[in-house]
Chemist: 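Here it is, the structure in full.
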Number of protein chains: 2
Amino acid sequence: MSLQQLQYFVVVAEEQHVTRAAARLHVTQPPLSRQIQALEDELGQPLFERRGRGIVLTAFGRYFAAEAAAILAHVDTVVAASKRWPS
Amino acid sequence: MSLQQLQYFVVVAEEQHVTRAAARLHVTQPPLSRQIQALEDELGQPLFERRGRGIVLTAFGRYFAAEAAAILAHVDTVVAASKRWPS
DNA sequence: CGGCATCGAGTCCGAAACGGTATTGGACCG
DNA sequence: CGGTCCAATACCGTTTCGGACTCGATGCCG
């Protein structure tokens with residue numbers, strides 16, 4: 001698992017749409033789909049239901065999206081703190 | 001920045017010794033040194049003082065080690081939760 | 001003081017991971 | 001059905017990563 005995968009997933013979860021999320025993330029759709037799949041494989045849980053046309057978050061996906069956002073926010077906080085650290 | 005870099009850094013901070021940390025992480029010393037350097041570059045702050053022989057955490061390094069450990073603990077918690085999620 | 005061991009940094013190379021283009025498969029709409 | 005929209009798959013080039021080897025520097029000990 002990587003922080004990038006969490007960022008990717010959070011955006012896809014917000015958009016509920018892989019192609020739109022890819023545009024927001026400045027990547028193309030296939031790598032994004034692959035990273036989401038890799039995340040699901042590692043967690044052993046599906047994050048989205050595939051519906052032929054589009055995707056929908058599962059219950060676990062909603063939980064995980066909230067946690068992922070919290071983790072990323074924590075990271076951002078620490079990085080920001082490092083920028084204004086008294087050298 | 002990646003979760004792996006945070007894991008690497010936490011172990012090096014615990015050991016205050018790159019080579020021992022590398023052994024614990026099952027990697028060799030050069031890649032570990034490089035990841036630590038990359039982390040410092042990204043944060044814009046040194047995490048260790050280099051003393052020709054060995055390394056010592058800076059004040060910022062101690063702060064960052066605590067935060068990194070907290071972030072990794074959060075990740076572990078969420079991953080563990082996914083394992084026992086009611087399918 | 002000199003030889004030696006220790007430790008992190010630098011160099012180089014092969015392997016794995018990542019992203020992009022092109023294409024496929026499947027579902028909804030007219 | 002024909003067209004379109006969307007995610008998944010196949011394939012390829014590039015980048016990144018880790019490992020083996022070496023270098024430079026610093027303590028240690030005879």
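Every chain is numbered from 1, with letters handed out A, B, ... down the list of sequences.
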Chemist: Which nucleotide wins on minimum distance to the side chain of B:Gln37, given the candidates D:dC5, C:dG8, C:dG10?
Modeler: C:dG10

Chemist: Find out whether B:Gln5 and B:Gln7 are in side-chain contact, i.e. whether some heavy atom of one side chain is under 4.5 Å from a heavy atom of the other.
Modeler: no

Chemist: Using the closest heavy atom to pick a nucleotide of DNA chain C for each, name whichever of A:Arg51 or B:Arg53 lands nearer the 5' end.
Modeler: B:Arg53

Chemist: Rounding to a whole Å, what distance do you find between B:Glu40:CD and C:dA9:C1'?
Modeler: 12 Å

Chemist: Can you tell me which nucleotide in D:dG18, C:dC18, C:dT6 comes closest to the side chain of B:Tyr8?
Modeler: D:dG18

Chemist: Would you mind reading off the distance between A:Met1 atom CE and C:dC18 atom C1', rounded to a whole angstrom?
Modeler: 18 Å

Chemist: As a test of reading the structure: which of C:dG19, D:dA7, C:dG8 is closest to the side chain of B:Thr19, going by heavy atoms?
Modeler: C:dG8

Chemist: In whole angstroms, how far is the P atom of D:dC5 from the CZ atom of A:Arg20?
Modeler: 13 Å

Chemist: Between A:Glu40 and A:Arg50, does any side-chain N to carboxylate O distance fall below 4.0 Å?
Modeler: yes

Chemist: Specify whether A:Phe9 and A:Phe64 have parallel, tilted or perpendicular ring planes, treating 30° as the upper limit for parallel and 60° as the lower limit for perpendicular.
Modeler: tilted

Chemist: Judged by atom type as modelled, is there a donor-acceptor pair below 3.5 Å linking the side chain of B:Glu42 to the main-chain atoms of B:Met1?
Modeler: yes

Chemist: So does B:Gln35 get a side-chain nitrogen or oxygen closer than 4.0 Å to the phosphate oxygens (OP1/OP2) of D:dT16?
Modeler: no

Chemist: What's the closest nucleotide to the side chain of A:His17 if the choices are D:dG27, D:dC17, D:dC6?
Modeler: D:dC6

Chemist: Roughly how many Å is it from CD in B:Gln7 to P in D:dG18, rounded to a whole number?
Modeler: 12 Å

Chemist: Whether the side chain of B:Arg50 and the base of D:dG24 hold a donor-acceptor pair under 3.5 Å is what I'd like checked.
Modeler: no

Chemist: With heavy atoms under 4.0 Å as the rule, sort B:Gln4 into base, sugar-phosphate or nothing.
Modeler: sugar-phosphate

Chemist: Please report, rounded to the nearest Å, how far the P atom of D:dT16 is from the CD atom of B:Gln5.
Modeler: 12 Å

Chemist: Which nucleotide sits closest to the side chain of B:Pro30: D:dG19, C:dT21, D:dC21?
Modeler: D:dC21

Chemist: Would you mind telling me which residue lines up with the more 5' stretch of DNA chain C, A:Gly52 or A:Arg34, judged by nearest nucleotide?
Modeler: A:Arg34

Chemist: With a non-hydrogen cut-off below 4.0 angstrom, is B:Leu32 in contact with a base, only sugar-phosphate, or nothing?
Modeler: nothing

Chemist: How long is the line joining CG of A:Leu3 and P of C:dA17, in whole Å?
Modeler: 18 Å

Chemist: Looking at the side chain of B:Gln29, which of D:dT9, C:dC28, C:dG8 is the nearest nucleotide?
Modeler: C:dG8

Chemist: Closer than 4.0 Å, any side-chain N/O of B:Ser33 to the OP1 or OP2 of C:dG8?
Modeler: no

Chemist: Choosing from D:dA7, C:dC12, C:dG8, which nucleotide comes nearest the side chain of A:Val18?
Modeler: D:dA7

Chemist: Between A:Thr58 (side chain) and A:Leu47 (backbone), is there a donor-acceptor pair under 3.5 Å?
Modeler: yes

Chemist: State, with a plain yes or no, whether a side-chain heavy atom of B:His74 is found less than 4.5 Å away from one of A:Glu67.
Modeler: yes

Chemist: How long is the line joining CG of B:Asp41 and P of C:dG10, in whole Å?
Modeler: 11 Å

Chemist: Can you tell me the distance, in whole Å, between the CG atom of B:Leu39 and the P atom of C:dA9?
Modeler: 13 Å

